[in-house]
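Report on one structure; see the data block that follows.
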Amino acid sequence: MKPFTWNGQPSRVVFGAGALAHLERELDLLGAQRPLVLCTPGQAAQAHALAQRLGPRCAGVFGQAVMHVPAATAAAAREAAARLAADCSIALGGGSTTGLAKAVALTTGLPILAIPTTYAGSEMTPIYGITEAGLKTTGRDARVLPRTVIYDPELSLDLPLALSVTSAMNAIAHAVEGLYAQDGNPVTDLMAEEGIRALAAALPRLRARPRDPDARGDALYGAWLCGSVLGSVGMALHHKLCHTLGGSFDLPHAEVHTVVLPQALAFNAPAVPEALLRIRRALGPGAASAPAALFDLARDNGAPVALRDIGMREADLDRAAEIAVTHPYWNPRPFSAAQRGEIRALLQRAFEGTRPD
Ligand SMILES: NC(=O)C1=CN([C@@H]2O[C@H](COP(=O)(O)OP(=O)(O)OC[C@H]3O[C@@H](n4cnc5c(N)ncnc54)[C@H](O)[C@@H]3O)[C@@H](O)[C@H]2O)C=CC1
Ligand SMILES: O=C(O)/C=C\C(=O)CC(=O)O
């Protein structure tokens, strides 16, 4: 066994149908007396219902979370937390809401209690992302890791099916990159393979019965595992491309992950044979290569497989390639300015939705 360092996340996790009933207990354990509830405009009703349940204990609701955490939104949330004398953030929603809570925590240290309603997995990572002047900056900081996570499958029963599939692919992408991470280890490998398996198996069940609580629970379990992998090891080419396309071209996050993942894995395939075997095994029996099987998993569950179908302009691909190779993340197959042509070709295949070999 090669030596490794395990920086598994110390978040406290409460998991199960109806787990939201434990919110007050978990706030008490955090010593939080005045939580600020954060949400997106689309989830305001859920957030206000939670605030009403908490009564005078609740400092208020800030309902302006949006994807990629614009710097101005982060500043407004910090101002609201200060004005309301909040001592904790409750992030009720997906990665955009958790990301806003992280932006507040980054400068204020306000602890986060996350209540995930998608499969993004941000609740299990110390990674933050803030977007300013069309450029997304990401970083890692222990202060942004949520202290407590309440996973309640009942909160995702109404997650739109299309987003359920792409958000699951976002989670699978964390695990895929974790399997070839520079700082991967046997524990994260186990979590990654099980996370991919759980999510891939849940998708057809969700398509058949979107409100199936067992399928939603299995998907959330897979998201927890994949998010834990992302929180423990580094990201590589795939995430760099998605941060570029999402942050600089304002493309929808989960959809970008869904489209790019097969293409990025195909680019890395020659350098990551062990990861391919684990991914292939996790996806179940079939003759397709791991990249092609991921492409098929997305396509067969009704998800987009081409950048041109999610708002990308072909004229922007050159600039996307340029940004992607500037300050690249580590990757098992090097990509830097010298590989700009290869990255541009990868983006062309993603733009057209070409099924990998
Ligand atoms: N730092 C990290 O570790 C990670 C960060 N992220 C970030 O998270 C953001 C994307 O998060 P996502 O969860 O993909 O999307 P999201 O949080 O933006 O949600 C997408 C839409 O779905 C709605 N929604 C969410 N849950 C719902 C539910 N259960 N029922 C009905 N509607 C619901 C939201 O209101 C929103 O309008 C991006 O900014 C991405 O960068 C994503 C993964 C990991
Ligand atoms: O791309 C991902 O799914 C993981 C990390 C981020 O999205 C960075 C961020 O929080 O914006």
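All of these numbers come straight from a predicted model, not from anything done at the bench. In each ligand, atom 1 is the first atom listed, and ligand 1 is the first ligand listed.
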min-distance protein heavy atom vs atom 13 (O) of ligand 1 -> Thr118 OG1, 2.6 Å
On a heavy-atom basis, the closest approach of Gly195 and Leu225 is N-CD1, 3.8 Å
Atom 9 (C) of ligand 2: of Ala171, Gly129, Gly139, Gly95, the nearest heavy atom sits on Gly129
| field | Nitrogen or oxygen of Asn170 less than 3.5 angstrom from that of ligand 1 | value | no
Just checking, any donor-acceptor pair under 3.5 angstrom between side chains of Lys136 and Ser248?
-> no
Closest heavy-atom approach to atom 41 (O) of ligand 1 among His174, His243, Lys136 is made by Lys136
Consider only side-chain N and O atoms of His68 and Asp250, and report whether a donor and an acceptor are under 3.5 Å apart. no
of all protein heavy atoms, closest to atom 6 (N) of ligand 1 is His253 NE2, 4.1 Å
Here the atoms of ligand 1 under 4.0 Å from any heavy atom belonging to Leu230 are 3 (O)
- Check whether the side chains of Thr107 and Arg78 place a donor and an acceptor atom closer than 3.5 Å, and report yes or no. yes
Tyr128 heavy atoms within 4.0 Å reach ligand 2 at atoms 10 (O)
Less than 4.5 Å apart, any side-chain heavy atom of Val259 and any of Phe295?
no
| request: Dump the intermediate steps for salt bridge (charged side-chain N to carboxylate O under 4.0 Å, His left out) on Glu154 and Arg216, then the final yes or no. | output: CA-CA 8 Å; Glu154 292 175 356; Arg216 288 291 182 188; over 6 Å; no
* To do: Applying salt bridge (charged side-chain N to carboxylate O under 4.0 Å, His left out), run through Glu352 and Arg308 and close with a yes or a no.
  => CA-CA 7 Å; Glu352 295 169 358; Arg308 64 182 165 204; 5.5 Å; no
Closest to atom 39 (O) of ligand 1 among protein heavy atoms sits His68 N, 2.9 Å
Atom 43 (C) of ligand 1: closest protein heavy atom, distance to 0.1 Å, is Ala120 O, 3.3 Å
ask   = Would a distance-only check, ignoring hydrogens and angles, find a side-chain to backbone donor-acceptor pair under 3.5 Å from Asn301 to Val165?
value = no
Honestly, for His68 the part within reach of ligand 2 (heavy atoms, under 4.0 Å) is neither
Under 4.0 Å between heavy atoms, the region of Thr98 that gets near ligand 1 turns out to be neither
re atom 16 (P) of ligand 1, the protein heavy-atom contact at minimum distance is Ser96 OG, 3.5 Å
Note: ligand 2 atoms sitting under 4.0 Å from heavy atoms of Lys136 are 9 (C), 11 (O)
For Thr138, the ligand 2 atoms with a heavy-atom partner under 4.0 Å come out as 8 (C)
Tested for side-chain contact (heavy atoms from CB on, under 4.5 Å) against His238, the lone hit among Glu177, His243, His174 is Glu177
Filtering Ser122, Gly94, Cys226, Gly246 for the heavy atom nearest atom 2 (C) of ligand 1 leaves Ser122
Looking just at side-chain N and O atoms, do Tyr180 and Glu274 make a donor-acceptor pair shorter than 3.5 Å? no
The atoms of ligand 2 lying under 4.0 Å from a heavy atom of His253, numbered in the order shown, are 1 (O), 2 (C), 3 (O), 7 (O)
dist Tyr221:OH -> Glu194:CD (nearest 0.5 Å) comes out at 3.5 Å
Between Thr97 and Gln43, is there a side-chain donor-acceptor contact under 3.5 Å, judged purely by atom types and distance?
no
The closest protein heavy-atom partner of atom 1 (O) of ligand 2 is His243 NE2, 2.7 Å
Among Thr40, Leu163, Leu145, Ile127, closest by heavy atom to atom 21 (C) of ligand 1 is Leu163
With heavy atoms and a 4.0 Å threshold, my read on which part of Thr125 contacts ligand 1 is side chain
Taken to the nearest 0.5 Å, the spacing of Gln46 CD from Ile115 CD1 works out to 9.5 Å
Give a yes/no verdict on whether any heavy atom in Lys102 is under 4.0 Å from an atom of ligand 2. no
Note: ligand 2 atoms sitting under 4.0 Å from heavy atoms of Asn170 are 3 (O)
Taking only non-hydrogen atoms of Lys102, do any sit less than 4.0 angstrom from ligand 1? yes
of all protein heavy atoms, closest to atom 28 (C) of ligand 1 is Leu159 CD1, 3.7 Å
So the atoms of ligand 1 within less than 4.0 Å of a heavy atom of Asp158 turn out to be 30 (N), 31 (C)
Test salt bridge (charged side-chain N to carboxylate O under 4.0 Å, His left out) on Asp214 and Arg205; report intermediate values, then the result. CA-CA 9 Å; Asp214 291 333; Arg205 293 160 59 204; 5.6 Å; no
Filtering Pro160, Ala223, Ala171, Cys39 for the heavy atom nearest atom 32 (N) of ligand 1 leaves Pro160
**Message:** Checking His257 against His239 for the ring-ring contact (aromatic ring centres under 6.0 Å, His included) test, could you report, in this order, the C-alpha distance in whole Å, the side-chain angles of both residues, the deciding distance, and whether it holds?
**Reply:** CA-CA 8 Å; His257 274 270; His239 280 81; 5.1 Å; yes
Restricting to heavy atoms, the pick from Pro252, Pro126, Gly95, Gly247 nearest atom 7 (C) of ligand 1 would be Gly95
among protein heavy atoms, the one nearest atom 26 (N) of ligand 1 is Thr117 OG1, 2.7 Å
Open item on the list: Checking Thr117 against Tyr151: is there a side-chain donor and acceptor pair closer than 3.5 Å?
Closed with: no
In this structure, atom 15 (O) of ligand 1 is nearest to the protein heavy atom Met67 CE, 4.0 Å
Filtering Val66, Thr131, Ile130, Leu155 for the heavy atom nearest atom 29 (N) of ligand 1 leaves Leu155
| request: Examine the side chains of Ser89 and Lys102 and answer whether a donor and an acceptor come within less than 3.5 Å of each other. | output: no
